[in-house]
Protein chains: 2
Amino acid sequence: MTVTDHLLSIAEVAERVGVSTHTLRYYEREGLLLRPVGRASSTHRRYTDADVGWLRFLTKLRLTAMPIARIKEYAALARSGDDTEEARLELLLRHRMSVVAQLDEMTKSLAAIDYKIAGYRERTETR
Amino acid sequence: MTVTDHLLSIAEVAERVGVSTHTLRYYEREGLLLRPVGRASSTHRRYTDADVGWLRFLTKLRLTAMPIARIKEYAALARSGDDTEEARLELLLRHRMSVVAQLDEMTKSLAAIDYKIAGYRERTETR
DNA sequence: ATAGGACTTCGAGTGCGCTCGAAGTCAAAA
DNA sequence: TTTTGACTTCGAGCGCACTCGAAGTCCTAT
């Protein structure tokens, strides 16, 4: 918390991170955040830049199909201190394998789709 | 239907296509197939090579996150004859855009994950 | 001071894509 | 011929990740 911290409302964070305010509250309920979100006057949430940074990373994990439960594990490790760094690294490395596999499958599927498209193109343009 | 056709049971198709027999029946119920699956003795399904080919392509559409409903549209077009080829081409082209976008987002996410991994590596290996 | 809108919690509802189970039928091997 | 196990239909159930709505509270601008 330095002087340069912008504390953001939930709506501002939703816009910056690209999810709904409902989803932000859901993630918090599920224990996916690294620490309790600050509150203005003990009710309205106030997010730090660090919170936003983590949420942005979280959305990348989701985008690469990491289940909520796995992200929860990762967040729990991160909350448990520095001696869980190795475990976190291993978790990310395992996830990395899955992402590479997904990219590979998608790329192969794209090739099949392109092949089909080429077929239609031939028959459509020769008309 | 040539002499060289291997008619396959649902279990054999499930194995070849990489989905469960339950899923195969579900796809059929949902109207995702191009034509009625043949039957042995009017009960047990018998799939042709063409059926398997379509199912393989169908799984690639699913793998690239095309919703069941869109696949249903595509199959309906394909069933409606040759004059829907242009419409099918457009559908596939639109889907292609989405696949490319997904690949791009995934690749960017992978970069973020790799960046995080590199950070852990530094701190873990310098110990 | 007051109005209006953004925020709060909490539980319930939704949509998608399967996945399962029951109850029964069929067919290939011994 | 009998048995075993793969097949059939049908409707219901499930898991995931949100998404929504109700009912109430708080902040900001006028």
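Bear in mind the structure is a predicted one, so any value in this text is a computation, not a measurement. Reminder, nothing fancy here: chain letters follow the sequence lines and each chain counts from 1.
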Rounded distance in Å - [atom1] ([X]) to [atom2] ([N]):
X: A/Leu61; N: D/dA17; atom1: CG; atom2: P; answer: 12 Å
X: B/Tyr26; N: D/dA12; atom1: OH; atom2: P; answer: 16 Å
X: B/Glu30; N: C/dC16; atom1: CD; atom2: P; answer: 11 Å
X: B/Leu63; N: C/dC18; atom1: CG; atom2: P; answer: 10 Å
X: A/Leu32; N: D/dC16; atom1: CG; atom2: P; answer: 14 Å
X: A/Leu24; N: C/dC7; atom1: CG; atom2: P; answer: 11 Å
X: B/Leu55; N: C/dC18; atom1: CG; atom2: P; answer: 12 Å
X: A/Arg70; N: D/dG15; atom1: CZ; atom2: P; answer: 17 Å

Earlier contact from the 5' end, DNA chain C, for B/Ala40 and B/Met66
B/Met66
Output the single nucleotide from [options] whose closest atom is nearest the side chain of [X].
X: A/His22; options: C/dA12, D/dG21, D/dC18; answer: D/dG21
X: A/Pro67; options: D/dT19, D/dA17, C/dC18; answer: D/dA17
X: B/Tyr27; options: D/dT19, D/dC18, C/dC18; answer: C/dC18

Would A/Ser109 and A/Glu105 count as having a side-chain donor-acceptor pair, cut-off 3.5 Å?
no
Please determine, by modelled atom types, if B/His95 and B/Thr64 share a side-chain donor-acceptor pair under 3.5 angstrom.
yes
Report whether B/Leu63 and B/Leu110 are members of the same hydrophobic cluster (ILVMFWY, side-chain heavy atoms less than 4.5 Å apart, transitive linking).
no
Testing B/Glu90, B/Glu86, B/Arg88 for side chain to side chain donor-acceptor pair (under 3.5 Å) with A/Tyr120, which one passes?
B/Arg88
I want to know whether A/Trp54 and A/Tyr74 have ring centres closer than 6.0 Å.
yes
Is a salt bridge present between B/Arg39 and B/Glu28, judged by a nitrogen-to-oxygen distance below 4.0 Å?
yes
Can you tell me which residue among A/Asp51, A/Leu55, A/Leu24 is in a side chain to side chain contact (heavy atoms under 4.5 Å, CB included) with A/Leu33?
A/Leu55
Pairs: protein N or O with nucleotides 6-8 of chain D N or O, under 3.5 Å:
unit_1, atom_1, unit_2, atom_2, d
D/dC7, OP1, B/Ser9, OG, 3.2
D/dT8, OP1, B/Arg45, N, 2.5
D/dT8, OP1, B/Arg45, NH1, 3.1
D/dT8, OP2, B/Arg25, NE, 3.3
D/dT8, OP2, B/Arg25, NH2, 3.3
D/dT8, OP2, B/Arg45, NH1, 3.3
D/dT8, O5', B/Arg45, NH1, 3.4

Contact class for B/Arg62 (heavy atom, under 4.0 Å): base, sugar-phosphate, or nothing?
sugar-phosphate
